[in-house]
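First the proteins, then the strands, lettered A, B, ... as listed; each starts at 1.
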Protein chains: 2
Amino acid sequence: MAQAKVGDFDEMDLELLRCIEADFDVSLETLSDELDLSKSAIHYRLNNLKESGVIRGVTADLDPVSFGLDMVAITEVAVTHEQGYSEDIGTSLAAVEGVEQVYYTMGDVDFVAISRVQDRTQMNEVIEDMVAIDGVNETSSRFVMDEIKSDPQIMPSVSDDVEAQLLEE
Amino acid sequence: MAQAKVGDFDEMDLELLRCIEADFDVSLETLSDELDLSKSAIHYRLNNLKESGVIRGVTADLDPVSFGLDMVAITEVAVTHEQGYSEDIGTSLAAVEGVEQVYYTMGDVDFVAISRVQDRTQMNEVIEDMVAIDGVNETSSRFVMDEIKSDPQIMPSVSDDVEAQLLEE
DNA sequence: AATGAAATCGACCAGCA
DNA sequence: TGCTGGTCGATTTCATT
């Protein structure tokens, strides 16, 4: 099946995706009732969406607090500008234990990393590991006091004008 | 069943969680083979982990690029300090269409938001919506050129010293 | 692209260590 | 509490439209 590209859905696909993004732990029957489609049809569409890469996977959403991982920090990382190494540095940052997200950004800061650990000792280790990476110049961290919204979801961002652009192709 | 708290796992639980966090689209039989446990036992443990809240849910991981959502920005939001409204402001930020993550942080910046849209027009709308929120003082955005690591996962952060603290209780 | 029937797999229960 | 084995119901697959 073809790779994922923009605009390969109909309204039914979008509704189906909206149902399952937040909770895939539902029976085909529930979806069947909700969308007025036979169970087989739901299954058929789900398969297509998986094979086309729209559904990248099915994952378990774990509670960090159950593991004592309740300390989060956002770290800005500036690198020395000998161009070309940036990708490697990003990969190294992502490999540091406790680092959950890494973004390469425009501007003077270069990288933003979000990490999650159990306590200050581990947070210090994370930052030390970052500073130890070849090419890292400076870091600046802020503690997160409240995660108002994490677990990024796509479908809430797909609405109105976004959907319009998707369906008109 | 009791609520999630730290330290309610054994090594088998941790291995099981490591298997399913990245890919829950596997059969019980595969897990059974991998962990040398009967299918019923796997099912039993999965149920416990769900009921105790360690597994918060099962979600479909969608590819943003398939929806044309390939523009990401990190926005720092400073608020006017009339104390008490901060939670509301955070909720309002999270409700803006296109905003995926919102963190309330220590320091002079107050909030960090990560948003994902299709194009610059939509990005402008997001930022306008943020500025329009009562109590928001100033915003500063950077474009993300590369998402080196997103889709935060917990289990990679649970290792060595973290696991040690979990199992010794 | 969707259906219905047949084969396969997962959910649940009673009982056991 | 943690696990087993078996039963029933759900899901996957496939021939057909």
Please tell me if the side chains of [X] and [Y] come closer than 4.5 Å, counting only heavy atoms from C-beta onward.
X	Y	value
R142(B)	V112(A)	yes
L17(A)	F67(B)	yes
M123(B)	S115(B)	yes
V126(B)	V99(B)	yes
L49(B)	L16(B)	yes
M130(B)	L93(B)	yes
I148(A)	Y103(B)	no
M145(A)	V72(A)	no

Worksheet item: Going by an N to O cut-off under 4.0 Å, is there a salt bridge joining R45(A) and E15(A)?
Response: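 Salt bridge between R45(A) and E15(A), a charged N being under 4.0 Å from a carboxylate O: no.
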Discussion item. Could you check, using the six-membered ring where one of them is a Trp, whether F24(A) and F24(B) have ring centers closer than 6.0 angstrom?
Written reply: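 For F24(A) and F24(B), the ring centres are not under 6.0 Å apart.
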Worksheet item: If each of D25(B) and M12(B) is mapped to the nucleotide of DNA chain D with the nearest heavy atom, which maps nearer the 5' terminus, i.e. the 5' end?
Response: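 Whichever sits nearer the 5' end wins; that is M12(B).
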Practice prompt. List for me each residue that meets salt bridge (charged side-chain N to carboxylate O under 4.0 Å, His left out) alongside D61(B), sequence neighbours excluded, and say none if there are none.
Written response: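 Partners of D61(B) under the salt bridge (charged side-chain N to carboxylate O under 4.0 Å, His left out) test: R56(A).
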Discussion item. Holding to salt bridge (charged side-chain N to carboxylate O under 4.0 Å, His left out), I want the full list of residues that pass it with K50(A), two or more places apart in sequence or in another chain.
Written reply: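 Once residues adjacent in sequence are excluded, the partners of K50(A) under the salt bridge (charged side-chain N to carboxylate O under 4.0 Å, His left out) criterion are D25(B).
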Discussion item. Below 4.0 Å from chain B heavy atoms, what is the first contacting nucleotide of DNA chain C and what is the last?
Written reply: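 Range of nucleotides touched by chain B: dG10(C) to dC12(C).
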Discussion item. Going 5' to 3' along DNA chain D, which are the first and last nucleotides with any atom under 4.0 Å from a heavy atom of chain A?
Written reply: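 Listing 5' to 3', DNA chain D meets chain A from dT11(D) to dT13(D).
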Worksheet entry | Estimated bend of the helix from dA1(C)-dT17(D) to dA17(C)-dT1(D) (axis per five terminal pairs, rounded to 10 degrees) |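 Terminal axis comparison yields 40°.
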Worksheet item: Counting only non-hydrogen atoms, which of residues 33-43 of chain A are less than 4.0 Å from DNA chain C?
Response: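 Those residues whose heavy atoms fall under 4.0 Å from DNA chain C, taken from residues 33-43 of chain A in numerical order, are S38(A), S40(A), A41(A).
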